[in-house]
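Because the structure is predicted, anything quoted here is derived from the model rather than measured. Only this structure's heavy atoms are used, side chains among them; waters, hydrogens and symmetry mates stay out.
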Amino acid sequence: MGLTYDGCSKRAYLFDNALEALQIESIKNCEILYFSASSNFSQQRVVEESDPRKLSQFLQDFYPALQIDAVNKPASHAGTHAKLMQMLPQNSEVKTIIATMNLRSFGPDWVHSNLETALNQSEVMYNNRPALLNRLLVSLRAYDDKSESERLEDKLSAWESESLPYPAPQNNVASWCAVEKWGDWKNPSRQLADQYIKQFALVIDEHHPRIKDFDAMAALAKERGWNLVFNLLPENLEVADSLVGNDLIALMMQNRDWLLKRYSAQGVIVSDNLELLEDQYFTDKTFPTEHFNDEGRKLIAKALADDMQALHSEHYSTPTWLNTPSS
Amino acid sequence: MLFNSIEFLVFLPAALLLYALLPARFRWILLLLASYCFYGFWKVEYLGLIAFSTLVDFLVARTMGHTKNDSKRKLLLFMSLTSNLGLLFFFKYFHWFLDGVLLPVGLLSEPLTQQLHEQWSFLLPVGISFYTFQTMGYTIDVYFRRAVPEKNLARFALFVSFFPQLVAGPIERFSNLHHQLFKGLSLSYANLQHGLRLILYGLFIKMCVADNISPMADAVFANAENASLTERLLGMTLFAVQIFSDFHGYSLIAIGTARLFGIHLMDNFRSPYLATSIRAFWSRWHISLSTWFRDYLFIPLGGSRAARWRVAANISVVFIVSGLWHGANWTFVVWGGLHAFGYLAEKVTWNSPAAARFIPAPFRWFITLSIVVVAWVFFRADSIAAALSFLNFSHSGEGMNLNTDPWALGFAALFLWSDLVFGREGFHLWIDRKPLLVRWACYGLLLYFICGFAGMVNHPFIYFQF
């Protein structure tokens with residue numbers, strides 16, 4: 001049994017949750033690689049959409065001469081994408097990497113999510129060590145595997161302690177949520193308003209762990225000579241405004257501007273789609289997510305394709321569905 | 001830190017290396033520091049509890065050693081038992097006592113009960129049931145003049161906190177441990193060899209058998225109402241294998257780890273599922289606990305030297321208390337009660353030589369195993385109602401399409417077969433008799449299974465919750 005990374009039969013030890021480790025290794029001939037979580041694909045039943053294809057496939061329609069592959073892992077974020085980027089083989093033909101930049105992924109609910117344990121577990125398999133050793137390290141829990149109660153404690157602590165640039169009660173998430181704009185907590189609107197505050201009321205700065213991950217991606221792209229595009233995904237600002245108000249929107253815009261400035265200065269193209277979509281394009285109505293219907297995904301794909309046109313202008317073309325009204 | 005964790009993989013070699021480098025007379029100090037580091041890794045606050053328990057029993061025993069006054073000795077013993085059992089009651093049984101005893105009989109109102117829950121909400125300290133029993137055993141032995149009180153607090157602290165057996169046993173006796181810990185801690189090739197073998201086999205049992213079976217057993221118990229009869233029977237059987245492999249694996253790792261440092265801990269399991277009676281089962285299962293209850297509860301109550309009804313009462317008390325030791329839930333009381341019933345039923349049926357001639361051993365084995373496996377359902381279930389519902393086979397579901405893992409089932413079968421083959425000598429002595437090539441092939445295979453096929457979901461050792 002060979003002890004080298006390539007020599008071991010990796011697939012024998014990979015578990016369902018880490019199969020992208022094989023997927024990324026086999027990427028050789030695509031020119032554009034798209035990293036995302038679940039925002040890339042449809043959450044609805046196929047019959048409800050006229051075109052249920054993925055966002056990356058709609059993007060492909062703008063660059064038919066180039067091959068676009070997608071690596072999607074639910075609940076993944078910049079940390080996962082940065083590690084996967086490192087695994088790209090040296091002989092791959094990738095020229096451009098697109099990674100989703102999801103404002104919600106900066107919030108404590110995502111940073112301290114229970115899904116992190118499963119992600120951390122699968123990331124052990126990404127390391128360039130013999131597969132058998134990686135598998136043993138998974139069994140020995142050689143990763144951050146905080147319990148649900150510990151993660152909840154971290155979340156609650158963040159919501160109570162992280163300062164917001166507003167006077168009380170909007171100076172932290174806990175007291176902001178306690179303001180009874182929608183009355184009793186059993187009111188669905190109140191619950192949804194609280195969720196929007198919890199997900200988006202934060203201030204991003206250079207110390208944020210996600211920023212370290214995005215910085216790592218930018219540095220690696222520079223080192224390997226890749227074009228890097230961050231797809232700042234749309235959020236449901238219409239609902240956020242109606243439920244919470246302008247203060248929350250202003251915070252989201254502030255964070256957007258900060259990210260735009262930081263990564264543009266690092267030579268990254270930031271496709272700013274934060275305000276792109278109205279409520280009708282979002283498929284989830286009871287929780288703020290980045291799940292879009294087919295029309296929404298098409299609009300994002302167009303915006304993304306237009307923003308990256310300078311990188312592949314000779315290959316840009318307009319797909320037929322762009323000029324055809326949807327039925 | 002868990003035995004099957006990367007932290008322990010770093011901690012143990014580091015401790016062993018320092019142990020090897022130190023002169024023999026200082027090694028016990030290293031073990032004491034290592035033990036406190038080990039326990040503090042769980043939660044630093046736990047160190048205060050174990051230190052308190054250690055100090056109380058050290059002082060009680062020392063004072064008992066200086067007095068001949070029986071009343072005073074009794075009072076001191078009472079103080080030790082009260083402080084240890086008080087700790088256990090507060091951390092383990094307080095909330096159950098509120099909900100399961102005081103509230104149902106109307107001695108507390110619901111709002112007050114809720115308030116007490118919120119005000120007095122603490123995590124159960126890991127290992128508290130084990131080390132409190134270990135120290136109580138010591139003070140009881142001193143009271144009955146079966147042990148001489150230790151004069152050195154630090155040495156006594158090492159007896160209480162010795163890390164391989166601190167959090168889940170085996171529960172050791174002072175008479176077995178103290179001369180090993182304090183007189184000539186050695187390092188030898190034979191001990192390293194035996195110790196590593198035990199650790200390797202223990203890790204295989206825990207990581208490849210218990211952790212792989214657990215998802216299947218959990219799935220059946222979580223979805224029992226939809227499970228078919230076959231699935232329920234499979235689930236019961238799998239849990240029986242899971243709890244045995246989980247605890248036996250832990251015990252082997254504990255015994256193996258202690259052996260690396262030259263300390264011989266007692267065996268905790270001897271093929272319990274081959275027992276042909278409940279009595280024999282309890283001489284093979286969690287031996288350190290069953291002998292503790294025999295010596296410190298059953299015999300002081302009168303043991304077998306009493307009227308028949310008294311003996312039956314003593315046996316019932318011991319089993320029910322043993323059940324309660326496992327957890328604060330009426331299900332554990334029922335579990336203990338079932339074993340008491342089986343034990344007493346045997347006494348009046350096949351335990352007589354005449355009956356044994358007519359009742360073949362395979363039949364007795366089957367009945368014993370059936371009682372044990374059925375009792376495990378109460379041990380595993382969250383409530384008596386859930387256990388009874390599970391066992392109500394006349395109302396089985398249509399089937400839940402249980403996802404069976406062939407590797408897990410194969411490992412379970414291998415484990416049960418090896419338990420039969422190794423017998424009383426255990427893996428480390430069985431393999432000692434094999435040729436070099438066979439030994440190393442076995443080591444390689446076990447290591448390969450552990451590396452490539454260990455369960456991936458975080459399953460703490462079952463007995464950690466006790």
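Of the residues A:Leu140, A:Leu136, A:Leu137, the one that meets the side-chain contact (heavy atoms from CB on, under 4.5 Å) test with B:Leu9 is A:Leu140.
No more than 12 heavy atoms of other residues, nucleotides or ligands shown are found within 6.0 angstrom of CG on B:Asn401. Counting non-hydrogen atoms of neighbouring residues, nucleotides and ligands closer than 6.0 angstrom, the CG atom of B:Asn403 reaches no more than 12 such neighbours.
Expressed to the nearest 0.5 Å, how far CZ of A:Arg135 lies from CE of B:Met456 amounts to 5.0 Å.
For A:Ser56, the side-chain hydrogen bond (donor to acceptor under 3.5 Å, both in side chains) partners two or more places apart in sequence, or in a different chain, are A:Asn40. Under the side-chain hydrogen bond (donor to acceptor under 3.5 Å, both in side chains) criterion, A:Asn171 pairs with A:Ser175, not counting sequence neighbours.
Inter-residue side-chain proximity for B:Tyr448 and A:Leu132 is flagged as met; some heavy-atom pair is nearer than 4.5 Å.
Distance alone, capped at 3.5 Å, places no donor-acceptor pair between the A:Arg141 side chain and the B:Glu7 backbone.
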